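All values reported here derive from a predicted model rather than from experimental measurement.
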Amino acid sequence: MKSDKIDLDCWNSWTEKSSDEKFDRIGQGIGKGEYKLGAEFDVEPEGQNSSTHDLYVMNEKWEIKKLDDNDNSFRLGVKISASYLNIKIKVLNCFNALSKIQDQLVSGIIKEKINKIINSANSKHGRSEKSIIDGLYTNEVSGSNFDKLDELIEELKEITHNIEKEITFRNIQEIELYSSYDGKKIIYSTIDAFRKINLEKISKEKKINLFGDSEFFNKIYIYSELFEDLKLFKDTTFKKKLNKITRDVFNDVRLILVDKQKGFWPVSNIENIYCYRITHGGPRVRVKNL
DNA sequence: CTGTTACTACGGCAGATGAG
DNA sequence: CTCATCTGCCGTAGTAACAG
């Protein structure tokens, strides 16, 4: 193979050109395979001189990743931590909020659904040795917990979506109540009206009656706790969101996988990489069709 | 100065379980 | 049984920053 020609989405073998470079040679901010790959293309690894890429080859910025010999995965740098933390916080907010109001919900179908979801989040799935919630707090979400969490988020989205439809159907997007400030009548959103009434020192029965029935009381309660945080997953999913922040790392940078024996694998379509679990505080990534 | 700790790059691997 | 996968938990090198 000539070093000025590379094949995408397959292993390009190491050639004579890099035979003098050891794959395992590392340096400051320079990972395995970078010197060897650099030798193939007569370039030096950027290392500390560049925070955006490892090699500059054929007018492209290259980001080099060595796959884990164990399971063909790789991890990302700390740059992605902020993006992941934002997602994690929203997810934890949802479950914390549900746990807090759990006891205040009135028995019924919707409460049972929420109970199941909370229990599932506090359970281990697949081969996991810790629950989803524990995993989120310890920054270690296993593959099966990761899959299950995605399902749970979708269930919560479905629930809040149906509540939204019901609010619209009942035509109570706005409710008129007396102001706590000056006693005058003011129009409040459903959520604000609920929160206002829920603070009143009146019996639960009276509160429920104001919203029609206990099931609808539950629904608005749940909705008021979740809708803000679930906005992050509007028109997307937990997994898709993780995939997006993972792929965004490679905007304007070509991902090149390296392997001691097999050579190097340039990834043509970044959609071929996906996040499948969280380790050490960030996404762990795999490549399709490897 | 020197010695030490902190920080930021970079992945690694042991043990258990499940598939065949 | 053997082998691959899954899960959880860490490690190392090089340099900068700081204490004395």
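Inspection of the Ser131(A) and Asn122(A) side chains reveals no N or O donor paired with an N or O acceptor under 3.5 Å. Checked by atom type, the side-chain pair Glu40(A)/Ser18(A) shows a donor-acceptor distance below 3.5 Å. Side chains of Ser73(A) and Arg284(A): a donor on one and an acceptor on the other come within 3.5 Å. Using modelled atom types and a 3.5 Å distance limit, the side chains of Gln104(A) and Tyr221(A) yield a donor-acceptor pair. At a cut-off of 3.5 Å, with distance as the only test, no side-chain donor of Ser120(A) or Lys148(A) sits close to an acceptor on the other residue.
For Asn70(A) against dC6(C), a side-chain N or O and a base N or O form a donor-acceptor pair under 3.5 Å.
Remark: P of dC6(C) and CG of Asn72(A) are 11 Å apart, rounded to the nearest angstrom. What separates CG of Asp147(A) from P of dC6(C) is a distance of 10 Å, to the nearest Å. In this structure, Asp68(A) atom CG and dC10(C) atom C1' are separated by 13 Å, rounded to whole Å. Here dG11(B) presents its P atom at 11 Å from CG of Leu257(A), a figure rounded to the nearest Å. Rounded to whole Å, atom C1' of dG11(C) lies 14 Å from atom NZ of Lys66(A). One atom, CZ of Arg277(A), and another, C1' of dG12(B), lie 11 Å apart when rounded to the nearest Å. One atom, CZ of Arg25(A), and another, P of dC10(B), lie 16 Å apart when rounded to the nearest Å. Summarising the geometry, the separation between CD on Gln28(A) and C1' on dT12(C) is reported as 14 Å, rounded to the nearest angstrom.
Summary of the strand contacts: Asp69(A) and Glu34(A) both lie near DNA chain B, and taking for each the nucleotide with the nearest heavy atom, the more 5' one is attributed to Glu34(A). Along DNA chain C, the nucleotide nearest to Arg75(A) and the one nearest to Asp71(A) differ in position, and the one closer to the 5' end is contacted by Asp71(A).
Within residues 280-290 of chain A, the residues having any heavy atom closer than 4.0 Å to DNA chain C are, in order of number, His280(A), Arg286(A). Proximity of residues 118-142 of chain A to DNA chain B (heavy atom under 4.0 angstrom from any strand atom) is restricted to Arg127(A).
When the side-chain nitrogen and oxygen atoms of Thr279(A) are compared with OP1 and OP2 of dC9(C), none of them lie within a distance under 4.0 Å. Taking 4.0 angstrom as the limit, Lys32(A) places a side-chain polar atom (N or O) nearer than this to OP1 or OP2 of dG12(B).
When the shell of 6.0 Å around NZ of Lys157(A) is examined, it contains more than 12 heavy atoms from other residues, nucleotides or ligands.
Remark: aromatic rings of Tyr276(A) and Phe146(A) are distant, center separation not under 6.0 Å. Taking the six-membered ring for Trp, Tyr35(A) and Phe23(A) have ring centres at least 6.0 Å apart. If you look at Tyr223(A) and Phe216(A), their ring centroids are not closer than 6.0 Å.
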